[in-house]
Enquirer: 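Next up is a structure, given as structure tokens.
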Amino acid sequence: MENNHSHSISDKTYIFIWVSLLILTFLSVEASFVHFRAFAVGVALFIATAKAFIVAYYFMHLKFDSKIIGIMVLVTGIVFLTFIILTFFDYGFREPIV
Amino acid sequence: MFSNASSFVEGVDIAFFIIIGISLVFLVGITAAMIYFVIKYNKKRHPKAEPTKDNFQLEIFWTVIPTLLVLGMFYYGWVGYRPMRIIPKNAIPVKVTAKMWSWSFEYENGKWDSLLIVPVNKPVKLELFSPDVLHSLYIPAFRVKEDVVPGIANVMWFKAQKEGTYNILCAEYCGQRHSYMLSKVKVLSQKEYEKWYNAKDTLAEKMMPGEILMKKQACIACHSTDGSKLVGPSFKGLYGSKVTVLVNGEKKEIIADDEYIKNSILDPNSEVVEGFPQGIMTNYSGQISEDEIKQFIEYIKTLKDD
Amino acid sequence: MNETITSHAVHRDDEASKIGMWLFLFTELLLFGGLFLVYTIYRHLNSAAFANAAGELSVLFGTINTIVLITSSLTIALSISAIKNNNAKRAKIMLWLTLIFALIFMINKYFEWSAKIHHGLFPGMEHFMSLPPGEGLFFLLYFFMTGLHAFHIIAGSIFIAVVIAQLNKSKITQDDYVLQENAGLYWHLVDVIWIYLFPLFYLIH
Amino acid sequence: MSTEQTALPADNFFNQGGKGLMSWLTTTDHKRIGLLYMYSIAIFFSVAVILGLLMRLELIAPGKTIMEASTYNKTFTLHGVIMIFLFIIPGIPAVFGNFFVPLLMGADDVAFPRLNLMSWYLYIIGAAIALSTLVFGEGSADTGWTFYAPYSVKTGTNVSTSVFAAFVLGFSSILTGLNFLTTIHRMRAPGMGWFDMPLYLWSTYATSWIQILATPIIGITLLMIIAERALGVGLFDPSLGGDPILYQHLFWIYSHPAVYIMILPAMGVVSEIIPVFSRRRMFGYKAIAFSSLAIAFVGYLVWGHHMFTSGMSGPARIIFSILTFLVAIPSAIKVFNWLATLNKGSIDLQPPLLYSLGFIFLFLIGGLTGLVNGALATNTHIHDTAFIVGHFHYVMFGGTGFGFFAAMHYWFPKMYGRMYNIKRATRAFWVTFIGFNILYFPMFILGLEGMPRRYYDYLPEFQGWQVVSTVGSWILVTGLIMMFVNIIRGARKGKPAGDDPWNGYTMEWETSSPPPLENFHQAPVFKKPTYED
Ligand code: HEA
Ligand code: HEA
Ligand code: CUA
Ligand SMILES: [Cu+2]
């Protein structure tokens, strides 16, 4: 019974999303046992970000909300990233401590 | 034109002149324009305002010009600063210990002093070390300043160009006696410097080992030997006296014997003398050896009440 | 900017509540953001020690908790679609399920923390103090961040309990369920944060 | 109350919505909450002012004058904490923002009125906690308002309490910002598009974004300090592999954007006042609107300029220096557009405009000395000296403070329905303005000569300018007392001002003074103002 509420996701879709989240979780656990060395963190964070994106886009309805909320999320993300990047300008270039 | 007390003065002062100069032009210009408008377009003289017409070109103009100017300012700021970060290989290394609330300077041959003594026209490299909190070594005449951070090996350098004596100040707030954390830098001619550097330590003849150590470790910044109360209790008449201490908030009376003094140095916060703050005195375990503690105690014993 | 501007005569504005909730979520994100920044820097400075210390955490525990939280995200999403379809009963069941998952998560966490504390890894304990530099930081951050996260689980559970009470009183209906939606948003955020905590603490070796 | 007859409209918010203290303490009316903020801020401000004057008295001569070193250190810490967290960050947004954001957009209240009241209570609780350190425990913190680790972890004074107060106040600030953002997004009067908004709303919008995105960082940082003090070991402890400099990063990630929380609303106020008193539309409306957003955004990128001598890496020092210079551009754009608006206007030099021009002059000095701070070479010399103290008093007190006074003189007739004495206000302005410069200008000279800040005692060669500065503080007090006496008298006995005493263009002037509880008598519709008299 789809009602007149503009945008609903069907329960089936929700379950599909849930399954994909579980798969990604297993993937990232598996990946942690393979030695990617330098990439390990990158892989873990990439998968985590994919999961976070799915949660935000479907579960949190960003897909259907007014665009302005999406823009706000983006701005917040960018601001946080600049914090990290600029801080790394310090720590990435510290002369080795003697 | 510049004092040139150190090799950095010129670069820094040029940056000051350029930035303050441009700023003054803007300050005077804008203020004058404001006053002029208020008078010329006063409502008595100019009862009808002209409608505003936005002017895109003008907006661009006064965005671009200041941008160029500030980039210029950045450039001169950078040029004046860059040499401070390039440390010459042949610089004389001096180990600086900044501690609440005193400075000590140690040279390659083990020579030690509470003043910084350097030869003229020779680069000197300061390796900054702090066992407690942040400090900052500031020599205004040389235009140099760098924080002394516990756990981090900051360095700075300078080349003094004029003989004389200059102030060293602590420029990072470090607690109660921050404003008394002063010292001097003495710039000597090469000859005098060498004489000083190679002279035998005369201190050892005049003072007890414990007393010297107490200077080196800067205990005297907080503890007097004449009975006056500084940040910590005075050492005068301490040995053998009855001290009231707080152990985990509970009062207790203890006789100040060897064991107590040793514990006060290695774990000062376990027994806190009544009326004094907890946590101010650093934990010296690992920094002071058993022998040195014995020397302290021997010295403290001599400081009897009159 | 395709939003409609409602005149001030309208008294209920669901869109405003939702924007308000999102803005609040941003502050929550950045609250954790500060800790993530600390984590990133310290990992950079002490990478070997961090990898070592992470070996002490149980991947199994972490994975179970991840699955629990993801599933609770599903149930709360389902509860919202239930209320949209005017099925208050199902909405309530789904919310109760969410609460049960929250409880499982916390029980799991309890056992995990007790094990660590038993090993003397809590900041200030003896074993903690004897750790090599860097590993101590790892455990400090571990307790701080998962602790703060657990605190958010509790806050979110209270929020959900309030929603259930409102459903019981029929204050939340098919036409007015923005409170429930906001509870959902909050819960998903708690999930998203865990999605990052999990690999950062459990999966790096 | 005065007996003299008043022709204030009877249906104003002072009469409606109940009388008595309880009706105020439980109100959700944004106007009353604004006034609640104003009265409480005035009290805390006075405390901090007195502390400031005591510091000046101490510094009149080297050595001990009136207090011990430890007292002095507590004094400047409390002075800084109150001024920053209790006066200047909530100042304009919480008082005038609360009162006028809905009025300027033709709304009847903010989006979340109850949350708004809660922000005020959080503010009061935070303030009470901060001031409680004066009375309870081991005395108020002696760390400086920056709470730098590791000193803040080691000192025996009551740092945890002060820090917790700042944490609570941060939440109050976040909720205020959240409320304004939602209000601006959702509650503009029909017909008011984004680019029809008064410029004050644009600056509030930008400010609120900073409040939302930067404040949580300091919240968590302060919690880390509390945890470190409670557990005895902590995140900034070098013996665990931690780094004290990271604390500074986290602190300034918030506290630099916070300085734009302070200044942007003041710039918004000035952008409202200048067009009204030059009788024409603001020159470069969009440039000013966008420069507010630009300041907010670039403001996130420059925090490292507080740490040039901290031991940060070389490249970081260079990057932060460049970015610092870029943040000056949007401020410059604003100044030039204000000037262009004055040009060819028909200028009426009433007190609000006088304070605005005072703002521009003092902010110029503050901002331009900010450029001196921002260059690497010069910063090395003046970092942590009296020069910095001069810089930030010029921007904070000369900028935001004067912006606050300008707003007070501009909106006063709308808030109370009465007018203060214009002549007295003008006189008070000049005394304040002159006193201000005598107080703070010498600090630049002292700084250049190498006088560090947070110094209880100083070398005798610095005394000359210190004395001048202390004398300036007395002149400044005189001016400010003149100003407040005039304002308070106006509120009680002033002549009724009428709905639109200044011939304003924005929507708050369409309703009666003081406004009725629901703000407007009929639901207003936005029309573009015509700037013809
Ligand atoms: C309201 C608060 C406020 C504001 C608006 C500012 C604005 C600025 N500040 Fe300030 N600042 C503080 C409050 C503020 N500051 C505080 C509180 C501290 C000390 C904290 C502490 O340590 O306790 C501090 C410290 C501080 C430092 C650190 C000093 C140190 O400790 O070493 C620096 C360094 O770069 C700096 C720079 C600037 C700059 C570049 C601006 C710019 O935004 C200014 C821009 C404005 C202008 C430039 C004027 C207008 C422009 C023109 C008229 C155009 C003509 C000019 C050009 C050619 C561009 N500030
Ligand atoms: C908005 C911010 C603000 C304001 C307005 C002031 C105002 C003043 N400050 Fe402030 N100051 C700070 C923010 C501010 N300060 C900060 C953040 C610090 C850094 C702290 C630190 O280092 O950690 C500092 C540090 C600081 C120092 C440096 C301490 C040091 O480094 O050793 C000094 C020294 O002179 C000083 C002096 C003063 C004085 C004399 C005033 C005076 O101007 C006050 C003058 C005002 C009046 C005289 C008003 C009189 C009016 C009345 C009495 C009537 C009131 C009535 C009603 C409201 C109804 N301040
Ligand atoms: Cu050492 Cu200040
Ligand atoms: Cu700054």
Side-chain angles (χ1 to χ4, degrees), chain C residues 1 3-11 13-46 48-50 53 122-125 128-129 131-141 143-145 147-148, chain D residues 102 105-109 111-112 115 171 174-175 177-179 181-183 185-194 208-209 211-221 223-224 227-228 230-243 246 249-250 253-254 518-520 523-525:
Chain C
M1 320 222 158
E3 26 165 357
T4 48
I5 290 144
T6 37
S7 103
H8 76 300
V10 177
H11 278 291
D13 183 356
D14 289 350
E15 183 70 16
S17 314
K18 218 195 267 176
I19 291 182
M21 191 66 207
W22 269 104
L23 292 172
F24 184 69
L25 296 189
F26 295 157
T27 70
E28 291 278 18
L29 264 173
L30 279 149
L31 196 72
F32 276 94
L35 285 168
F36 279 119
L37 181 60
V38 173
Y39 174 93
T40 317
I41 298 299
Y42 283 164
R43 203 190 124 77
H44 171 78
L45 292 180
N46 310 285
F50 266 46
F122 194 74
M125 287 178 139
F128 175 91
M129 297 307 277
L131 289 173
E135 298 200 15
L137 279 184
F138 179 88
F139 285 106
L140 202 64
L141 276 168
F143 280 109
F144 204 118
M145 292 175 82
L148 192 67
Chain D
M105 63 170 85
D108 61 349
D109 207 322
F112 309 112
L115 196 67
F171 259 90
I174 288 175
L175 295 181
L178 187 157
N179 225 330
L181 282 184
T182 316
T183 309
H185 268 280
R186 299 298 302 169
M187 298 186 58
R188 279 169 281 133
M192 185 187 277
W194 282 94
S208 303
W209 270 111
Q211 284 174 304
I212 296 253
L213 295 185
T215 318
I217 304 273
I218 191 142
I220 197 71
T221 311
L223 281 188
M224 290 183 224
E228 187 155 351
L231 295 173
V233 285
L235 285 164
F236 306 115
D237 184 347
S239 63
L240 291 184
D243 179 7
L246 186 59
H249 278 294
L250 291 165
I253 284 178
Y254 164 74
E518 295 271 310
N519 284 353
F520 294 91
V525 174

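A note on names: the letters A, B, ... follow the listed sequences, proteins ahead of strands, and every chain is numbered from 1. Because only heavy atoms are used, hydrogens play no part in the values below, and waters and symmetry mates are left out as well, while side chains stay in.
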Enquirer: Rounded to the nearest 0.5 Å, what separates atom CD1 in C:Ile41 from atom NE2 in D:His249?
Expert: 7.0 Å
Enquirer: If I measure from the heavy atoms of chain C, does D:Asp109 come under 4.5 Å with its side chain, its backbone, both, or neither?
Expert: neither
Enquirer: Side chain, backbone, both or neither: which part of C:Phe32 has a non-hydrogen atom closer than 4.5 Å to chain D?
Expert: neither
Enquirer: Return the option, out of D:Asp237, D:Ile217, D:Leu223, D:Ile212, with the maximum number of heavy-atom pairs under 4.5 Å with chain C.
Expert: D:Ile212
Enquirer: Taking D:Leu178 as the fixed residue, which of C:Phe24, C:Trp22, C:Phe26 is the one that meets the side chain to side chain contact (heavy atoms under 4.5 Å, CB included) rule?
Expert: C:Phe24
Enquirer: Could you check if a side-chain atom of C:Thr27 sits within less than 4.5 angstrom of a side-chain atom of D:Gln211, using non-hydrogen atoms only?
Expert: no
Enquirer: I need the D:Thr182 OG1 to C:Leu23 CG distance, nearest 0.5 Å.
Expert: 5.0 Å
Enquirer: Measure the spacing between CG of C:Leu31 and CD1 of D:Ile218 and express it to the nearest 0.5 Å.
Expert: 12.0 Å
Enquirer: Distance from D:Leu235 atom CG to C:Phe144 atom CZ, nearest 0.5 Å?
Expert: 6.5 Å
Enquirer: Is D:Ile174 in contact with chain C via its backbone, its side chain, both, or neither, using a 4.5 Å heavy-atom distance?
Expert: side chain
Enquirer: Checking C:Leu30 against chain D: side chain, backbone, both or neither under 4.5 Å from a heavy atom?
Expert: both
Enquirer: Tell me, for C:Leu148 versus chain D, whether the close heavy atoms (under 4.5 Å) come from the side chain, the backbone, both or neither.
Expert: side chain
Enquirer: Closest approach of C:Ala16 and D:Phe112, non-hydrogen atoms and distance?
Expert: O-CZ, 3.4 Å
Enquirer: To the nearest 0.5 Å, what is the distance between CG (C:Asp14) and CZ (D:Arg186)?
Expert: 9.5 Å
Enquirer: Can you tell which part of D:Met224 gets under 4.5 Å to a heavy atom of chain C, answering side chain, backbone, both or neither?
Expert: both
Enquirer: Distance from D:Leu181 atom CG to C:Ile19 atom CD1, nearest 0.5 Å?
Expert: 9.0 Å
Enquirer: Quick one: of C:Gly34, C:Ala49, C:Gly136, who has the most non-hydrogen atom pairs under 4.5 Å with chain D?
Expert: C:Gly34
Enquirer: Are C:Val38 and D:Ile220 close enough that some pair of their side-chain heavy atoms sits under 4.5 Å apart?
Expert: no
